[in-house]
Amino acid sequence: MPSIGDLANDIARSLYEFRIPVAVASIVGAVLLVIVAWRLGWFASARRHPGRSGIVLAMALVVGAPLTWYLASPIFIRTALIEPAPVVAAPVVAAAPTPTPSPTPPATEAPTTGPDATPGPTPISTPPPTPEPTTFQATTLSSGSFTGTDDFHFGNGTASIIETSPGRYHIRLEDFSVRNGPDLFVYLSPSADGYAKGALEVGKLKATDGSFGYDLPAGTDPSTFRSAIIWCKQFSHLFAVAPFAG
């Protein structure tokens, strides 16, 4: 049997899913209510009892205004953010090998043939070569283009998983734009079609437009994911998906 919390989430999800028809129906209902109230003389009664009327109006505003703002504000609110590309790991320099001393041969007398004999050349030791630094090259492992889930929920730009250092990964959203919404997060999903069991929550969406990214948690295996998605946690709704092409 579903809990009260599950029922509340289902109702909220349905309200968001059908928010435009609900908004139109609410406006029509409000107009009809005003007409009925005027014909029944409710406005005249409200003028005779201003205290009670004010309390009812205040309660309606307390409940209706936040809900209306939460559902409707994402339609026209936009944010933008441009972050620099991820920093590549510094060059790795291999440690110079410690030279092993070779045994010194016993000294021998140089042969002489006379008082003016010249000694032989003294051997010169050659220092070990200096190791060249090994520079790690950042590699794009997976990349895909965003598309929205319907005509209202649009999505543009690309998502790329980049290996910035050995075993460390970063997801970069480039030239990104998405329909705003409540409680949006970036996820990596094991399905190319959208949210699925085992999806990794990367972080809260930083902006609706721009180029920015997130460092993935240590130990993340990027090969297990098939897409990057924009997911509304509050209403369990998919806004945009970028299937990885490899």
Margin query: Could you see if L238 belongs to whatever hydrophobic cluster contains F152? Use Ile, Leu, Val, Met, Phe, Trp, Tyr and a side-chain cutoff under 4.5 Å.
Written below: no

Check: Is K206 positioned over the aromatic face of Y214, cation under 6.0 angstrom from the ring centre and no more than 45 degrees off axis?
Finding: yes

Note to self: Contact between E163 and H170 at the side-chain level, heavy atoms closer than 4.5 Å - yes or no?
What the structure shows: no

Item checked: Name of the residue among L184, N180, T149 meeting side-chain contact (heavy atoms from CB on, under 4.5 Å) with F239 -> L184

Note to self: Hydrophobic clusters here meaning ILVMFWY residues chained together by side-chain heavy-atom distances under 4.5 Å, can you tell me if F244 and V178 are in one?
What the structure shows: yes

Next item on the list: Kindly work out whether a path of hydrophobic side-chain contacts (I/L/V/M/F/W/Y, heavy atoms less than 4.5 Å apart) joins F212 to I229.
Entry: no

Next item on the list: Compare all side-chain heavy atoms of P182 with those of F235 and state whether any distance is below 4.5 angstrom.
Entry: yes

Item checked: Steps toward salt bridge (charged side-chain N to carboxylate O under 4.0 Å, His left out) verdict (D215, R168) -> CA-CA 8 Å; D215 291 328; R168 299 293 297 183; 5.9 Å; no

Checklist line | Smallest separation among heavy atoms of A240 and G155, with atom names | finding: CB-CA, 4.1 Å

Check: Considering only heavy atoms from C-beta outward, does the side chain of T220 approach that of L200 to under 4.5 Å?
Finding: yes

Next item on the list: Flag the pair S211 / E83 as yes when at least one side-chain heavy-atom distance between them is below 4.5 Å, and no otherwise.
Entry: no

Notebook entry, point to check: Among N156, T208, D209, which one satisfies side chain to side chain donor-acceptor pair (under 3.5 Å) with S177?
Noted result: D209

Note to self: For a 4.5 angstrom cut-off between non-hydrogen side-chain atoms, does R172 reach P86?
What the structure shows: yes

Next item on the list: State plainly whether one hydrophobic cluster holds both I161 and L173, where clusters connect Ile, Leu, Val, Met, Phe, Trp and Tyr through side-chain heavy atoms under 4.5 angstrom apart.
Entry: yes

Item checked: Min side-chain heavy-atom separation V241-T147 under 4.5 Å -> yes

Notebook entry, point to check: Does any non-hydrogen side-chain atom of D221 lie less than 4.5 Å from one of Y169?
Noted result: no

Check: So, for Y187 and Y195, is the gap between ring centers shorter than 6.0 Å?
Finding: yes

Next item on the list: Could you tell me the separation between the CD atom of E174 and the OG atom of S145, rounded to the nearest 0.5 Å?
Entry: 12.0 Å

Check: About how many Å separate CD1 of I162 and OG1 of T139, when rounded to the nearest 0.5 Å?
Finding: 9.5 Å

Next item on the list: Report whether L205 and F146 are members of the same hydrophobic cluster (ILVMFWY, side-chain heavy atoms less than 4.5 Å apart, transitive linking).
Entry: yes

Note to self: Determine whether the aromatic ring centres of residues W231 and F185 are separated by less than 6.0 angstrom.
What the structure shows: no

Item checked: Close side-chain approach of I171 to L188, heavy-atom, < 4.5 Å -> yes

